[in-house]
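Structure, as structure tokens:
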Amino acid sequence: MQLTHRKPIANLLAYINRYYWGSSTTSVETITMFPLVAGTGVDVYIHFDTSFSVNKHSLPTSHILCPRQYMDISTAGSIDFIAIRFNHGAFRHFCDINFNELNNNFLTVQDLWKEEGDILIDQLYHAKDTTHREQLLNEFFSIQLLKHQKKNSILDQAMRTIYTNHDNTCITDISKQLMMSTRHFERKFKEEFGFTPKKFQVVSRFESTLRKLFLSTDSDYLATVLDSGYYDQSHFIKDCKTYSNLSPTEVLTHKEHSLHFYFKRIE
């Protein structure tokens, strides 16, 4: 499968990490993806050919992936899709739905944006090339941002701080910086994002560690694990079982034999 990555326009960069296109030139019987773990981000997929299957159930041709539990994902047949990867916590600025309604539910583009979503899919389907599709996405999400952008940006800041400094961030310190009690901060964070700051911190560490493992050529995974803030191998094994339902050995086997969703930064 070939993947093409593009950055969104400047006003969307704080919210959307990338657009990416996936395609296969020939039909294939099966492609196994690395199972979705209990991650922290949101991806929107629009398929023009075979859609993904999760836990052996075919997904709609347009769907939102917001995993909060282990999911076994695969696909069969020709692949042709567009995906939009949102930064952590940013999806709330493009629709009115709460994160709790997105988690593990695979809502469609039409569910979220009604007729506007239908029009976008039709336009993307008939677009003349990748550049045209990119333009359509930029226009659509710029409009949605104007309609739905939230005002409480301090929660975005808190989420970014936890995600980028998951190994040395104290939740109590963040709440003090925001001039909130820890309990009030935890409640507001969970109301907005669907999980507590501490849970987000733990999952962020695990997701960040997996990304390093999948993008690294180093066979010594323990060094990467310890560098990511885990106390020891047992600590990482526990998180592997909790959030991916796999052992570290099984994770590394998938690294060699499955496609995955971990990408290098777009320069």
Side-chain angles (χ1 to χ4, degrees), residues 15-18 20 22 31-47 50-76 81-114 117 121 144 148 150 155-156 159 162-163 166 186-211 214 238-246 250-251 254 258-263:
Y15 306 94
I16 297 176
N17 179 277
R18 69 186 66 217
Y20 57 104
I31 293 179
T32 301
M33 312 289 288
F34 177 71
L36 294 174
V37 300
T40 59
V42 173
D43 284 38
V44 175
Y45 281 86
I46 301 169
H47 293 267
T50 308
S51 186
F52 292 148
S53 292
V54 168
N55 301 334
K56 299 183 179 180
H57 295 286
S58 182
L59 296 182
T61 53
S62 75
H63 55 263
I64 286 77
L65 282 181
C66 187
R68 297 296 178 260
Q69 63 189 30
Y70 171 92
M71 298 176 186
D72 187 13
I73 186 167
S74 61
T75 188
F81 67 78
I82 294 173
I84 303 95
R85 173 159 295 181
F86 290 82
N87 292 325
H88 305 279
F91 193 70
R92 67 196 185 100
H93 296 287
F94 296 86
C95 64
D96 289 329
I97 197 166
N98 187 275
F99 267 105
N100 289 310
E101 298 177 68
L102 292 174
N103 297 344
N104 310 318
N105 283 336
F106 312 112
L107 297 179
T108 68
V109 168
Q110 292 91 337
D111 289 333
L112 294 182
W113 295 297
K114 311 304 180 189
I121 291 175
Q144 300 310 317
H148 302 289
K150 306 297 186 293
L155 289 177
D156 294 316
M159 175 168 267
I162 296 171
Y163 183 76
H166 52 77
E186 289 174 337
R187 184 176 70 251
K188 294 296 292 182
F189 194 97
K190 187 172 183 179
E191 285 176 358
E192 198 66 51
F193 301 121
F195 38 63
T196 65
K198 184 61 179 177
K199 176 66 175 294
F200 177 70
Q201 185 177 29
V202 172
V203 174
S204 293
R205 177 180 59 200
F206 181 63
E207 185 180 77
S208 175
T209 304
L210 285 184
R211 184 178 184 275
F214 273 75
K238 181 181 178 181
D239 270 12
C240 266
K241 287 294 187 180
T242 300
Y243 297 114
S244 73
N245 202 33
L246 301 169
E250 289 170 323
V251 167
H254 274 287
S258 302
L259 297 172
H260 60 82
F261 295 93
Y262 298 101
F263 306 131

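The structure displayed is predicted, hence computed values, not measured ones.
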Which pairs would a plain distance check flag for residues 60-74, meaning a side-chain donor or acceptor within less than 3.5 Å of a matching protein atom at least two apart in sequence or in another chain?
unit_1, atom_1, unit_2, atom_2, d
S62, OG, V109, N, 3.2
S62, OG, Q110, OE1, 3.1
H63, ND1, P60, O, 2.8
R68, NH1, G39, O, 2.8

Would you say the side chain of [Y] lies within less than 4.5 Å of the side chain of [X], judging by non-hydrogen atoms?
X    : Y    : result
C240 : V251 : yes
C95  : Q144 : no
F200 : F193 : no
V44  : F94  : no
R187 : E191 : yes

How long is the gap from [atom1] on [X] to [atom2] on [Y], to the nearest 0.5 Å?
X    : Y    : atom1 : atom2 : result
H254 : M33  : NE2   : CE    : 12.0 Å
H260 : L210 : NE2   : CG    : 10.5 Å
T242 : L246 : OG1   : CG    : 11.5 Å
I84  : I16  : CD1   : CD1   : 7.5 Å
L36  : D43  : CG    : CG    : 8.5 Å
E250 : F34  : CD    : CZ    : 10.0 Å

Does the ring pair (Phe, Tyr, Trp, His ring centres under 6.0 Å) test come out yes or no for F263 and Y20, once each step is laid out? CA-CA 10 Å; F263 306 131; Y20 57 104; 4.9 Å; yes

Looking at K150, I'd like to know if its NZ atom is crowded, meaning that more than 12 non-hydrogen atoms belonging to other residues, nucleotides or ligands lie closer than 6.0 Å. yes

Results of salt bridge (Lys or Arg N to Asp or Glu O under 4.0 Å) for D239 - residues two or more places apart only: R205

Are the aromatic rings of F214 and F261 close, with centres under 6.0 Å apart? no

Parallel under 30°, tilted from 30 to 60°, perpendicular over 60°: which one fits the rings of F195 and F189? tilted

Between the side chains of T196 and E186, does any donor sit under 3.5 Å from an acceptor? no

Set of residues satisfying ring pair (Phe, Tyr, Trp, His ring centres under 6.0 Å) with respect to [X], sequence neighbours excluded:
X    : value
F81  : Y45, H47, F52
Y243 : F206
H148 : none

Under the side chain to side chain donor-acceptor pair (under 3.5 Å) test, which residues partner D156, sequence neighbours left out? R92, H93

Indicate yes or no for a side-chain donor-acceptor contact from K56 to the backbone of S53 under 3.5 Å, with no hydrogens or angles considered. no

Determine whether a donor-acceptor pair (N or O, by modelled atom type, separation under 3.5 Å) exists between the side chain of D111 and the backbone of L107. no

For a side-chain hydrogen bond (donor to acceptor under 3.5 Å, both in side chains) with T40, tell me which candidate from K199, E207, Q201, H166 qualifies. E207

